[in-house]
Amino acid sequence: MTEIRDGRRIIKEPVTTEDIKDLKAGDVFYYSGEALTGRDAVHERVVVDGQDIPVDISDKILLHAGPIVKRVDDGWECFAMGPTTSMRMEDFEEEFIRKTGVKIIVGKGAMAEKTEKACREEGCICCVMPAGCAVVGAACTESVLEGYWTDLGMPEAAWHVRVKEIGPLIVTIDTSGRNFFKDRN
Amino acid sequence: MTDRIYSKKMTEIMAQFIKHTAIHLPDDVMSKLGELYEAEDNPRALQIYDVMLENLRLAEEMERPICQDTGFMQFLIKCGSEFPLLGDLEEVLKEALAEATEETPLRLNVVETFSEENTGTNMGPGAPTVWWEIMPGRDNCEIYVYPAGGGSSMPGASAVLTPSQGYEGAEAFVLERVLEKGPNACPPLLVGVGLGNSSETAALNAKRALLMSVDSVNEDEGAALMEKRLEKALNESGIGPQGLGGKNTVYGVNVVDTARHPACMGVAVATGCWVHRRGHICFDRDLNWKSDTHKDFNY
Ligand code: SF4
């Protein structure tokens with residue numbers, strides 16, 4: 001669902017094809033709803049080991065991020081969270097998108113041809129969020145719902161979080177496969 | 001003070017300093033960031049700078065790490081041979097890191113090579129990194145603190161060139177690497193260039209270059225010109241903050257060089273990201289301390 005408020009485009013869970021299909025590389029939006037973090041090891045479990053992703057993210061977002069979380073009484077608190085280099089996931093992302101049906105991926109920096117192809121064919125977009133801005137990220141994180149695959153260690157685990165107006169998210173690959181990092185000039 | 005009380009005090013100061021450097025950028029980086037912001041005219045770049053500045057404000061207000069990528073710590077120690085805690089320093093730094101990891105908290109960032117296990121303590125074989133320099137006859141101690149981020153370490157590379165490739169070849173090597181890998185390393189970057197005899201001496205020189213102030217200028221005229229040329233070329237690339245386009249791409253370029261064999265030239269590049277959390281603290285023999293990178297640090 002998309003809402004425009006004070007000139008701000010906010011996409012809310014559940015994310016639909018309608019929400020993202022008109023977004024173009026270079027556009028900016030914010031997101032509210034549930035998200036799952038996943039870096040190298042999460043991609044490997046899903047793509048190489050064939051394990052099921054612990055949360056259905058077909059209508060949520062995937063964050064290439066490894067937060068700092070702290071144990072509190074009966075759960076977790078997100079202390080700092082910002083994106084990590086997305087290019088590390090390039091080899092896995094195409095199949096990851098096909099398997100999970102995820103429609104919005106948020107990370108940092110460029111991704112390449114295989115991801116462009118999957119974005120075009122499956123209807124997915126990639127975005128960057130200003131990196132190194134972990135306190136802004138944590139301030140947008142309302143709660144940590146669960147930590148999955150914590151045996152992978154804090155950065156690599158799959159953290160299921162709820163975020164509010166996280167952003168600005170800048171579209172870098174749109175559903176036509178156009179890549180902002182390549183076509184900027 | 002007994003040795004034990006001494007080392008406890010130093011551990012305390014270092015733990016607080018490590019924490020402080022995760023939360024506050026060094027003074028020179030702060031002012032450079034302000035300059036780049038002022039000079040920028042690309043709206044998207046300005047929007048990114050706005051988020052960066054807001055993040056720095058929140059980090060300070062909420063006492064949280066600026067970036068989550070903390071925990072893999074590198075220390076460069078310049079220690080006088082007469083400094084009373086010379087023999088205890090590695091222990092002091094490890095304990096300080098353990099305290100800072102718990103208290104800040106820092107992310108658990110140390111993974112054993114081959115077993116791929118996260119040690120859960122930010123310590124492991126060879127981690128934290130400690131580089132030593134002994135200053136004969138002196139009784140003071142300087143410590144550089146540098147949390148090495150994954151993204152900011154990625155562009156790092158070194159090579160050994162032939163003399164005929166020379167300084168031009170070295171510049172081309174650095175440029176190619178930073179243009180290719182820099183956009184993902186969270187620019188604006190500080191670029192450290194090392195020249196020396198072999199790949200590893202050059203690499204360590206490049207790291208030393210990162211530990212110097214963002215606007216330091218090499219005393220040698222040729223080296224200073226190389227710094228200027230690289231800075232200009234990188235800024236003209238238009239990579240901009242976060243690689244999404246903008247007027248400037250680097251905080252600066254620092255060159256550190258050492259003498260070399262006439263038959264080869266080691267060259268290396270290392271990069272620091274916009275969250276360039278370098279800390280420098282100096283102790284005298286009584287543990288009076290002073291930091292020139294973080295004037296506001298208090299303990
Ligand atoms: S490159 Fe720097 S700012 Fe970017 S995520 Fe890594 S440590 Fe943080």
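All chains are named by letter (A, B, ...) in the order of the sequence lines, taking the proteins before the strands, and each is independently numbered beginning at 1.
- At least one cation-pi condition fails for B/Arg278 and B/Tyr144: the charged atom is not both under 6.0 angstrom from the six-membered ring centre and inside a 45 degree cone around its axis.
- In terms of heavy-atom pairs under 4.5 Å with chain B, the best-connected choice from A/Ala110, A/Ala139, A/Gly107, A/Pro130 is A/Pro130.
- For chain B, the option among A/Met87, A/Met129, A/Lys108 with the highest count of heavy-atom pairs below 4.5 Å is A/Lys108.
- Using a 4.0 Å cut-off between charged nitrogen and carboxylate oxygen, A/Lys114 and A/Glu90 do not count as a salt-bridge pair.
- Both the backbone and the side chain of B/Met52 come within contact range of chain A, with heavy atoms under 4.5 Å apart.
- Comparing A/Gly137, A/Gly26, A/Gly167, A/Ala41 by how many heavy-atom pairs each has under 4.5 Å with chain B, the most go to A/Gly26.
- Comparing B/Ile48, B/Val111, B/Val51 by heavy-atom pairs within less than 4.5 Å of chain A, the highest count is held by B/Val51.
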Exercise answer: donor-acceptor pairs, residues 64-74 of chain A side-chain atoms, under 3.5 Å, sequence neighbours excluded:
from, atom 1, to, atom 2, distance (Å)
A/His64, ND1, A/Ser86, OG, 2.8
A/His64, NE2, A/Glu93, OE2, 2.6
A/Arg71, NH1, A/Gly75, O, 3.3

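- For the set B/Ile66, B/Asp50, B/Leu56, the count of heavy-atom pairs under 4.5 angstrom toward chain A peaks at B/Ile66.
- Below 30°, between 30° and 60°, or above 60°: for A/His43 and A/Phe92 the angle between ring planes is between 30° and 60°, a tilted geometry.
- For B/Gln47, the part sitting under 4.5 Å from any heavy atom of chain A is the side chain, from C-beta outward, and nothing else.
- Of the candidates B/Thr70, B/Asn122, B/Asp69, B/Asn118, B/Asp69 is the only one forming a side-chain hydrogen bond (donor to acceptor under 3.5 Å, both in side chains) with B/Asn109.
- Chain B forms more heavy-atom pairs under 4.5 Å with one residue of A/Thr84, A/Ile170, A/Leu152 than with any other, namely A/Ile170.
- A side-chain contact (heavy atoms from CB on, under 4.5 Å) with A/Leu23 is found for one member of A/Ile11, A/Asp174, A/Thr2 and no other, namely A/Ile11.
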